[in-house]
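Note sheet for the following structure.
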There are 2 protein chains.
Amino acid sequence: MNATHQDLTRNQTLVLDTLAKADGPLSAYTILDRLRGDGFRAPLQVYRALEKLLGFGLVHRLESLNAFVACAHPHCHAHGLIAFAICEDCGQVDEFSDAVVRERLGAWSADNGFKAEKTTIEIRGHCANCAAA
Amino acid sequence: MNATHQDLTRNQTLVLDTLAKADGPLSAYTILDRLRGDGFRAPLQVYRALEKLLGFGLVHRLESLNAFVACAHPHCHAHGLIAFAICEDCGQVDEFSDAVVRERLGAWSADNGFKAEKTTIEIRGHCANCAAA
DNA sequence: CGCGACATGTAATGATATTACATTGCGAAG
DNA sequence: CTTCGCAATGTAATATCATTACATGTCGCG
Ligand SMILES: [Zn+2]
Ligand SMILES: [Zn+2]
Ligand SMILES: [Zn+2]
Ligand SMILES: [Zn+2]
């Protein structure tokens, strides 16, 4: 595990590159359309690649958008808990993490006997640039 | 605004009651099926009611499930930020809020000039009961 | 009554995701 | 080398979630 870029299959590489080149989140079907020229024909080709990439931590799913982004920090994977700030105007996504937030949510889980598997934090709003306009 | 239960229309009341009686989140189509006997025929009847109920704060949308729950605290809705702990085994949802988390995410937004409109926090995992089993 | 505002009814379509099954590529075991 | 097993891939069909478009109903108010 902890796969490097070299371990990726052709389809996984194509999907990851598509996300990396994009300026914002892409839906699975948008990825599919962008890869038609590379032989992609069916949604499953995209979803299967995404599934692996999500497992590798190279891609994140934005639940509130039903879309996907390449990880902004694929190296320093301190990925215990990630938060996303999503601009509704320009689509830009900012990925960050906060130790205090992680600690507080962890404390709630401990207090309530809840075994957390995955935490989603998504802030929808307007980025600095778009808010100015 | 700040609508009370009395202000609700028939369809809104039916949808809210369905959610309140359910033991967990329901998808829009599940709500539709449960209301066929009351004359519901089309998804839009559910989605329109949900849209209003979400606005009133009587219902929450769980982004990671594409499903909806009745608010657990429809009265003391001082919480500007709500978090959900969702059990993947039994479907139970626990709704809570944390002032420190709100403050930290607010601080990040302020630091980055981001104007937050809506924040989603969802923890997927296993509740105390199910984790024991 | 005549109008406007809002809720509702109905059909069609669009968008997102999964199931099922066949096939291919490739390294390990024999 | 051949066969086996496994993971990836290809393809079609289907399931699930959500919206658009347009017609109709209801009710308060001038
Ligand atoms: Zn990341
Ligand atoms: Zn922006
Ligand atoms: Zn609530
Ligand atoms: Zn449970």
Side-chain angles (χ1 to χ4, degrees), chain A residues 1 3 5-19 22 24-56 58-69 86 88 91 118 120 122 124, chain B residues 1 3-19 22 24-56 58-69 86 88 91 120 122 124:
Chain A
M1 61 186 59
H5 205 178
Q6 294 184 4
D7 300 326
L8 298 179
T9 67
R10 167 180 155 85
N11 283 5
Q12 289 161 19
T13 303
L14 286 167
V15 168
L16 180 56
D17 287 351
T18 301
L19 282 173
L26 299 180
S27 76
Y29 278 75
T30 301
I31 296 170
L32 173 58
D33 286 340
R34 294 193 183 183
L35 290 175
R36 299 255 180 217
D38 294 289
F40 273 48
R41 308 288 310 278
L44 201 48
Q45 296 176 282
V46 177
Y47 282 110
R48 284 203 275 231
L50 286 172
E51 184 177 27
K52 293 293 187 182
L53 294 169
L54 288 167
F56 296 153
L58 296 173
V59 160
H60 300 297
R61 176 186 172 87
L62 299 176
E63 300 287 356
S64 67
L65 294 178
N66 292 333
F68 304 85
V69 283
I86 302 165
E88 312 219 313
K118 184 173 191 310
T120 297
E122 296 175 17
R124 304 284 295 270
Chain B
M1 60 185 58
T4 67
H5 205 298
Q6 295 184 3
D7 299 325
L8 300 179
T9 67
R10 167 181 155 84
N11 283 5
Q12 289 161 19
T13 302
L14 286 167
V15 168
L16 180 57
D17 287 352
T18 301
L19 283 173
L26 299 180
S27 76
Y29 277 74
T30 300
I31 296 170
L32 173 59
D33 286 341
R34 295 192 181 183
L35 289 176
R36 299 250 182 224
D38 295 288
F40 273 47
R41 308 288 310 279
L44 201 48
Q45 295 176 281
V46 177
Y47 282 108
R48 285 203 273 230
L50 286 171
E51 185 177 26
K52 293 293 188 181
L53 293 169
L54 288 167
F56 296 153
L58 296 173
V59 160
H60 301 297
R61 175 185 172 89
L62 299 176
E63 300 286 356
S64 66
L65 294 178
N66 290 335
F68 304 84
V69 284
I86 303 166
E88 312 218 314
T120 297
E122 295 176 18
R124 304 285 294 270

Interatomic distance, CG@A/N66 vs CD@B/E63, rounded to 0.5 Å, equals 8.0 Å
To the nearest 0.5 Å, what is the distance between CG (B/D38) and CD (B/Q45)? 10.5 Å
Rounded off to whole Å, could you give me the CD-to-C1' distance for the B/E63 and D/dC17 pair? 12 Å
Look at the side chain of A/E88 and the backbone N and O of A/R124, then say whether any donor-acceptor pair between them is shorter than 3.5 Å. no
Could you tell me whether the phosphate oxygens of D/dA18, OP1 or OP2, come under 4.0 Å of any side-chain nitrogen or oxygen in B/R61? yes
Just how far, in rounded Å, is P of D/dT26 from CZ of B/R10? 13 Å
Check: B/Y29 side chain, D/dA15 base, donor-acceptor under 3.5 Å: no
From A/T120 atom OG1 to A/R61 atom CZ, the distance as rounded to the nearest 0.5 Å: 9.0 Å
Pick one: which of B/L50, B/L44, B/V46 meets side chain to side chain contact (heavy atoms under 4.5 Å, CB included) with B/R48? B/L44
Verdict with reasoning, A/Q12 to A/D7, per side-chain contact (heavy atoms from CB on, under 4.5 Å): CA-CA 9 Å; A/Q12 289 161 19; A/D7 300 326; over 6 Å; no
Rounding to 10 degrees, work out the angle separating the end axes of the helix from C/dC1-D/dG30 to C/dG30-D/dC1 (five pairs an end). 10°
CG/B/L26 to CG/B/L32 distance, rounded to the nearest 0.5 angstrom? 12.0 Å
Could you check whether any side-chain N or O of A/R36 sits under 3.5 Å from a backbone N or O of A/R41, counting only pairs where one atom can act as donor and the other as acceptor? yes
5'-most by nearest nucleotide on DNA chain C - B/Q12 or A/S27: B/Q12
Do the side-chain N or O atoms of A/T9 get closer than 4.0 angstrom to the phosphate oxygens (OP1, OP2) of D/dA8? no
Judged by modelled atom types alone, do B/S64 and B/E122 share a side-chain donor-acceptor pair under 3.5 Å? yes
With respect to B/L14, which candidate in B/I31, B/L8, B/L19, B/L35 satisfies the side chain to side chain contact (heavy atoms under 4.5 Å, CB included) definition? B/L35
What are the 5'-most and 3'-most nucleotides of DNA chain C lying under 4.0 Å from any heavy atom of chain A? C/dT16 to C/dA20
Please list, by residue number, the residues of residues 36-54 of chain A whose heavy atoms come closer than 4.0 Å to an atom of DNA chain C; answer none if no residue qualifies. A/L44, A/Y47
dist A/T30:OG1 -> A/F68:CZ (nearest 0.5 Å) comes out at 10.5 Å
